[in-house]
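Atom set for the values below is all heavy atoms of this structure, side chains included, hydrogens, waters and symmetry mates excluded. Keep in mind that what you see is a predicted model, and the values were worked out from it rather than measured. Every chain is numbered from 1, with letters handed out A, B, ... down the list of sequences.
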Amino acid sequence: MSVWWALAVVDRAAVLPDAGPDGARLAAAPLGHGLPSLVAAELPRLPSIDLDALRWHDAAVRALAAPGVALLPARFGAHAPDLMELAERLRGRERVLEDALDRVGDALQVTLRAGSAPALELAPDLDADAARGPGARFLLRRARERALRPPGWDALSAPLRPHLRAERFERGEARVESWRGYHLVERATLAAYRAASARVCEAEPGWNLSFGEPSPPYAFAAEIAS
Amino acid sequence: MSGPEEDGAPPGERLLPPDTTLLDLVDNLLDKGLLVHGEIVLGLAGVDLVYVGLSAVICAADRLRMPRPPGPGEGEEPSR
């Protein structure tokens, strides 16, 4: 029995390719009249979960991410026997998805990794926080963790700023990196961003910064609450 | 579907996968992306796996190698 494999949510104006990698049939299920659509591929069976499956999913999402398409990539693994059943799982999030699509339209993600940079900084607790209850303090701290930044980053990253629509950082995997960041870069200024990123790397050679290849905005789709 | 050579799109305007590193692939696909309810369980060889468990195994397989306890004579200063 075939399965429908979720690939992405796209804006209403997106034009789909006829087929995905390996000729998989693609179809879009609108979440409502004039609303975004969930795009999925029909597969003859559930794929084996291996590196090839990851590469296939990535290639399928990249093929959808043509210029002019606003796209939120789906996390690997969502599937259902029926396309409409898959789309149904997004009910109630239509407006949030529309807002998110507006944010990522005509922009790409670039992942930057710092091999040996100083740790990310957490904004200090405010005195006013102490008077709040434990729940409020937890939420405030979590909000600050989302605003983690490398020390001195604002000055260092000034050449990148004109090309950025959004930015976020995470603590890294200790054996691989100090931290990693995600930039949402305007597609039209990607070349200028590349040139600016080289200057940032040169400015802090000890941080061992590396900027990856552009990808669909996975990190910025993850911000949408489930 | 046409490729970049066929549609004439300038480099950088289309997203081609060949330079995607395994690190970015795993980070993006298993740890990021839009959550669609229902992806929690995946099948592998007819056995359901908990998704979080699967991603943990793929992301950090090296951690599965537990440190070997020092054998006799290992981890000690050599006697003089």
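In this structure, CG on B/L35 lies 12.0 Å from CZ on A/R89, to the nearest 0.5 angstrom. Rounding to the nearest 0.5 angstrom, the gap separating the CG atom in B/L23 from the OG1 atom in A/T111 is 9.0 Å.
With sequence neighbours left out, the side-chain contact (heavy atoms from CB on, under 4.5 Å) criterion links A/M1 to A/P81. For A/L83, the side-chain contact (heavy atoms from CB on, under 4.5 Å) partners are A/W4, A/A27, A/A29, A/A40, not counting sequence neighbours.
Counting heavy-atom neighbours within 6.0 Å of A/R45 CZ, excluding the residue itself, gives a total of 12 or less.
Residues B/V36 and A/V9 fail the side-chain proximity criterion, which asks for heavy atoms closer than 4.5 Å. Looking at heavy atoms from C-beta onward, A/V61 lies out of side-chain contact with B/L29 at the 4.5 angstrom threshold.
Most heavy-atom pairs under 4.5 Å with chain B, from the set A/A74, A/A8, A/A188, A/A6: that is A/A74. For chain B, the option among A/R194, A/R113, A/Q109 with the highest count of heavy-atom pairs below 4.5 Å is A/R113. Taking A/Y182, A/F220, A/Y218 one by one and counting their heavy-atom pairs under 4.5 Å with chain B, the maximum is reached by A/Y218.
Looking at A/R180 and B/D24, no side-chain N of the basic residue comes within less than 4.0 Å of a carboxylate O on the acidic one, giving no salt bridge.
A donor-acceptor contact shorter than 3.5 Å links the side chain of A/R75 to the backbone of B/K32.
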